[in-house]
Amino acid sequence: MGHHVATFWYLGTDDPSAPIRSGHPSDPGFARRLLSRLYPTVTVASLGMFPLNRSASTGPGEIYVGSYPGLTVLQVQLESPVLPSATDDTWLRLVEAPTVLLFSHDPDTGVSGFARWESGRLVRSFAGADDRIVEDEGMPLPFERPYWAGEFPLDGADAISLALPFSPSSLLHAAHRDWLGFDLSPGGLDVPVHGFATDGRREVRQRTAPTGAAVHVVGSPGRAELHAANQRDAGTGNKGGGRGGSPSSPYVEDDYERATLVPAVARAASPVSGAVRRVADVVGDTVRRAGGAINRRLSNRR
């Protein structure tokens, strides 16, 4: 049956690029409401926000939505061949807008297509590959004339029998520029969208690294603490100011080195939870016991 990536633009403005160029943020709430109508029985998972023009196209079970004043863009993968005139009414009526645009591309067959509806009426649609026309509905629009006239010939046309006088993918980009005022390309205008998964995958959550002093969550010391305790009990001290109790600590890059800050944090005037104090006490006691044991073993060896 085939599949392709379809990008719909629902326009209620004469200047579609204006709300994007102004930096107006996309409305995630509208996107969620839209998806609740499309997938009422599915738990939709967020995939984050990113520029549509510099991101991979939607895959199976994914949908991208950007909503701005007077403009909504939606990209989805459809399980059907590229045939713009046969687009299901579900997509054409999804957002109430006087103008609906569609840009489609199937990387497997090389077919590209575009269409425009005004007040629900199909004005123009075209789809084709380098060597064939799939559909051609309505009169060609002014921006198409140089392409049909052969002013933008297809690269390698001599090697393609029945080659068209232009590349359908190039004509698609020309339609995009004429109808929207910009091209959807990596070097063009950034179009932020919200990505969602509809196939049951887990939501991608933004993670923030914890701040503040590191603490141990186990009741035993790390290698650095044991080394520092041994150095103190042996009388060498921390003469070099190294984090591991000695300037020559072999564990100076060990993650546990930061745990030596815990007792100081626990004694600080700022409020610290009782849990942190208990952990600090456990670490301190354990370090002292371990250090004493190491010192006794060293003394016995002497």
Side-chain angles (χ1 to χ4, degrees), residues 1-11 16-17 51-64 73-92 94 99-118 120-189 191 193:
M1 184 177 182
H3 65 276
H4 69 279
V5 174
T7 306
F8 294 91
W9 295 81
Y10 304 90
L11 307 183
S17 67
L52 180 64
N53 56 305
R54 292 190 283 118
S55 302
S57 299
T58 53
E62 296 177 351
I63 186 167
Y64 302 160
V73 56
L74 180 151
Q75 187 177 93
V76 66
Q77 190 172 113
L78 300 180
E79 294 296 326
S80 62
V82 175
L83 196 66
S85 64
T87 301
D88 193 286
D89 279 350
T90 299
W91 301 106
L92 301 181
L94 184 62
T99 302
V100 178
L101 311 178
L102 169 62
F103 302 95
S104 302
H105 179 65
D106 185 341
D108 294 333
T109 63
V111 176
S112 297
F114 57 87
R116 182 185 186 106
W117 290 263
E118 296 285 356
R121 181 179 68 88
L122 180 65
V123 175
R124 174 66 171 141
S125 71
F126 173 84
D130 291 347
D131 60 351
R132 66 190 185 281
I133 293 176
V134 175
E135 78 169 20
D136 186 10
E137 300 287 337
M139 294 295 295
L141 298 175
F143 74 85
E144 300 181 54
R145 290 171 186 165
Y147 291 86
W148 290 102
E151 296 181 20
F152 300 98
L154 177 69
D155 290 338
D158 294 341
I160 303 175
S161 60
L162 303 177
L164 297 183
F166 56 85
S167 167
S169 62
S170 296
L171 187 58
L172 180 151
H173 285 282
H176 204 286
R177 290 190 297 271
D178 188 76
W179 291 346
L180 292 170
F182 61 93
D183 200 356
L184 196 66
S185 63
L189 179 65
V191 181
V193 294

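None of these values were measured; they are calculated from a predicted model.
By the 30° and 60° cut-offs, the orientation of the rings of Phe166 relative to Phe126 is tilted.
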Intermediate values then yes/no, side-chain contact (heavy atoms from CB on, under 4.5 Å), Thr87 and Leu78: CA-CA 10 Å; Thr87 301; Leu78 300 180; 5.7 Å; no
Test side-chain contact (heavy atoms from CB on, under 4.5 Å) on His105 and Thr7; report intermediate values, then the result. CA-CA 9 Å; His105 179 65; Thr7 306; over 6 Å; no
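Put simply, the side chain of Asp183 never gets that close to the backbone of Ser185: no donor and acceptor are under 3.5 Å apart. In this structure, the side chain of Gln75 engages the main chain of Thr58 through a donor-acceptor pair within 3.5 Å. The backbone N or O of Ser85 sits less than 3.5 Å from a side-chain atom of Glu135, completing a donor-acceptor pair.
In terms of heavy-atom proximity, Tyr147 sits nearest to Ala174 at OH-CB, 3.4 Å. Taking all atoms of both residues into account, the shortest heavy-atom contact from Leu172 to Ser112 is CD1-CB, 4.0 Å. When all heavy atoms are compared, the tightest approach of Ala115 to Pro84 is CB-CB, 3.6 Å. Nearest heavy atom pair, residue Val134 against residue Val82, reads CG1-O, 3.8 Å.
Between Leu122 atom CG and Leu92 atom CG the span is 9.0 Å, to the nearest 0.5 Å. The distance from the OG atom of Ser167 to the CZ atom of Phe152 is 12.0 Å, given to the nearest 0.5 Å. For the atom pair Leu83 CG and Ser125 OG, the distance stands at 7.5 Å (nearest 0.5 Å). The line from CG of Leu164 to OG of Ser170 is 11.5 Å long, rounded to the nearest 0.5 Å.
Within the 4.5 Å cutoff, no side-chain heavy atoms of Pro16 are placed close to those of Trp9. When side chains are defined from C-beta on, Leu102 does not count as touching Val100, because their heavy atoms never get closer than 4.5 Å. Inter-residue side-chain proximity for Asp108 and His3 is flagged as met; some heavy-atom pair is nearer than 4.5 Å. Taking 4.5 Å as the limit, some side-chain heavy atom of Leu74 sits within range of a side-chain heavy atom of Trp91. Side-chain atoms of Leu101 and His176, non-hydrogen and from C-beta on, never get closer than 4.5 Å to each other. Residues Pro168 and Asp130 form a side-chain contact, since some pair of their non-hydrogen atoms from C-beta on lies under 4.5 Å apart.
Under the side chain to side chain contact (heavy atoms under 4.5 Å, CB included) criterion, Ser17 pairs with Asp15, Arg21, Phe182, Leu189, not counting sequence neighbours. His4 meets the ring-ring contact (aromatic ring centres under 6.0 Å, His included) test with no other residue; sequence neighbours excluded. Taking the side chain to side chain contact (heavy atoms under 4.5 Å, CB included) definition, one finds that Pro51 meets it with Asn53, Arg54, Ser55, Asp190, sequence neighbours left out.
Exactly one of Trp179, Phe103, Phe8 qualifies for a ring pair (Phe, Tyr, Trp, His ring centres under 6.0 Å) with Phe114. That residue is Trp179. Only one option out of Glu144, Glu118, Glu137 pairs with Arg124 in a salt bridge (Lys or Arg N to Asp or Glu O under 4.0 Å); it is Glu144.
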